[in-house]
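Take a look at the structure below.
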2 protein chains.
Amino acid sequence: MGHSDSQLGPRVGNQTVTDTVTDTVWDDELVPDERGRTSAPEPDCPVEVTLTAISGRWTTLVLRELMGGPLSFGELRDRLPSLSAKVLTDRLRDLEARGLIARRTHPGFPVRTSYTLTDLGRVLRPLLIELYRTGNTLAALRRSLPR
Amino acid sequence: MGHSDSQLGPRVGNQTVTDTVTDTVWDDELVPDERGRTSAPEPDCPVEVTLTAISGRWTTLVLRELMGGPLSFGELRDRLPSLSAKVLTDRLRDLEARGLIARRTHPGFPVRTSYTLTDLGRVLRPLLIELYRTGNTLAALRRSLPR
DNA sequence: CGGAATCCTATCGGATACTG
DNA sequence: CAGTATCCGATAGGATTCCG
């Protein structure tokens, strides 16, 4: 990367001295191409794509569990005890519809089902790490600053 | 209880896990410390902290705009034309309450207000980049895979 | 075991109109 | 210019009960 000052310091040519027309100047680290220059939450904006992928309460927790390998419905319930069967089913169906997990049923009695991350779902792993990292940073900074 | 057979599915890609998961084994890249081992969306889980910070429709777009420097209410409206004044106000109040932006009113007539990211808000910059990156990857992979 | 079917409520966000 | 004030329909998601 040529210029790297990712953490601090906004420095876009926005705040100019004698601005007649301040056209939007795009920060191409933040928004590297045209598809991110949306002026509304359009579904094909990359950020929206990601937010849609992880949307819904409990979703990141379900994904986190599946990052360790396939799990059955019951195993998911055991690991997320306060998640109701209805909402768990909702989340699993959502994730399946988004192509992030695959559902396999093994016939027999009792029925067994297993849920696995797809290749697409595994793409979310760095994001989860970043969500975690960012939350830690926010919390630490909040602790260090007076309210 | 016992070991279930887990010959199904590929295992976690990045690191070599040589055994099957019996009890919950925490992936310490994904969840490096105890505060992330939550079994429910508790507010102090780092991931939840982050999700709360960016929650709400239009929020990431407002943040994106402010990443370039302070803007007035009207400038935000100009850049996000299909966002109503009511919802924009909601978002700005939310972000202020979360400590992510600061609001300053400059007296005079007409009244001027400016919204600026706080140090806390700037923490979100790498996350926005990651949200974007991930969305691009998801979209590309979806295009490359047939249904 | 692995759900499906209902029901019910809170909140969210869009539309519209008005104001200091 | 920078918001308020209402109203309102649509979901989201939790609780509960039932099913193959």
Side-chain angles (χ1 to χ4, degrees), chain A residues 22 38-43 48 51-63 65-66 70-98 101-116, chain B residues 1-2 4-6 8 39-43 48 51-63 65-66 70-98 101-116:
Chain A
T22 333
T38 57
S39 62
E42 297 164 38
E48 274 299 303
L51 292 177
T52 300
I54 63 167
S55 77
R57 201 159 134 86
W58 296 93
T59 299
T60 55
L61 288 168
V62 172
L63 288 170
E65 294 304 324
L66 293 176
L71 292 175
S72 69
F73 190 87
E75 287 169 329
L76 283 167
R77 293 216 66 183
D78 290 346
R79 284 170 162 83
L80 305 170
S82 43
L83 172 53
S84 75
K86 187 262 203 177
V87 175
L88 177 54
T89 305
D90 286 354
R91 286 304 85 95
L92 292 169
R93 296 289 178 276
D94 292 346
L95 291 170
E96 198 188 359
R98 295 166 194 169
I101 65 174
R103 173 176 182 261
R104 258 168 239 146
T105 67
H106 311 278
F109 191 80
V111 183
R112 277 250 145 205
T113 323
S114 88
Y115 293 92
T116 322
Chain B
M1 316 274 262
S4 355
D5 48 6
S6 71
L8 284 177
S39 61
E42 298 163 37
E48 274 300 302
L51 292 177
T52 301
I54 62 167
S55 77
R57 200 158 136 87
W58 296 92
T59 299
T60 54
L61 289 168
V62 172
L63 287 170
E65 294 305 324
L66 293 176
L71 292 174
S72 69
F73 190 86
E75 287 168 330
L76 283 166
R77 293 216 67 183
D78 290 346
R79 284 169 162 83
L80 305 170
S82 44
L83 173 52
S84 73
K86 186 260 203 178
V87 175
L88 176 55
T89 304
D90 287 352
R91 286 304 84 95
L92 292 170
R93 296 291 178 275
D94 291 346
L95 290 170
E96 197 187 359
R98 294 166 194 167
I101 66 173
R103 174 175 181 261
R104 252 166 245 147
T105 67
H106 311 279
F109 192 81
V111 183
R112 276 248 146 208
T113 323
S114 88
Y115 294 92
T116 323

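This is a predicted model, so every value here is computed, not measured. By convention in this document, chain letters (A, B, ...) are assigned in the order of the sequence lines, proteins followed by strands, and residues within each chain are numbered from 1.
Remark: A/Ser72 pairs with A/Glu75 by the side-chain hydrogen bond (donor to acceptor under 3.5 Å, both in side chains) rule, at least two apart or across chains. Among residues two or more places apart in sequence or in another chain, the side chain to side chain contact (heavy atoms under 4.5 Å, CB included) test is passed with A/Ser55 by A/Arg98. Contacts of B/Arg103 classified as side-chain hydrogen bond (donor to acceptor under 3.5 Å, both in side chains), with partners at least two apart in sequence or in another chain: B/Tyr115. Checked against side-chain hydrogen bond (donor to acceptor under 3.5 Å, both in side chains), B/Arg112 has no partners two or more places apart in sequence or in another chain. Under the rule for a side-chain hydrogen bond (donor to acceptor under 3.5 Å, both in side chains), B/Glu48 has no partner lying at least two apart in sequence or in another chain. Take B/Ser39 and apply the side chain to side chain contact (heavy atoms under 4.5 Å, CB included) test, not counting sequence neighbours, and it matches A/Pro81.
Protein chain B contacts DNA chain C over a range whose 5' and 3' limits, counting nucleotides with an atom under 4.0 angstrom from a non-hydrogen atom, are C/dG13 to C/dA15.
Between B/Leu83 and B/Arg77 there is no side-chain heavy-atom pair separated by less than 4.5 Å.
Residue B/Thr89 has no polar side-chain atom (N or O) positioned under 4.0 Å from OP1 or OP2 of D/dA2.
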Kindly give the atom pairs (protein nitrogen or oxygen, nucleotide nitrogen or oxygen) under 3.5 Å for nucleotides 9-13 of chain D.
unit_1 : atom_1 : unit_2  : atom_2 : d
D/dG13 : OP1    : A/Arg57 : N      : 2.8
D/dG13 : OP2    : A/Arg91 : NH1    : 2.9
D/dG13 : OP2    : A/Arg91 : NH2    : 3.0
D/dG13 : N7     : A/Lys86 : NZ     : 3.1

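We find that CZ of B/Arg104 is positioned 14 Å from P of D/dG3, with the value rounded to whole Å.
Between B/Ser82 and A/Thr113, it is A/Thr113 whose nearest contact on DNA chain C lies nearer the 5' terminus.
Axis angle across the helix from C/dC1-D/dG20 to C/dG20-D/dC1, with five pairs used at each end and values rounded to 10°: 50°.
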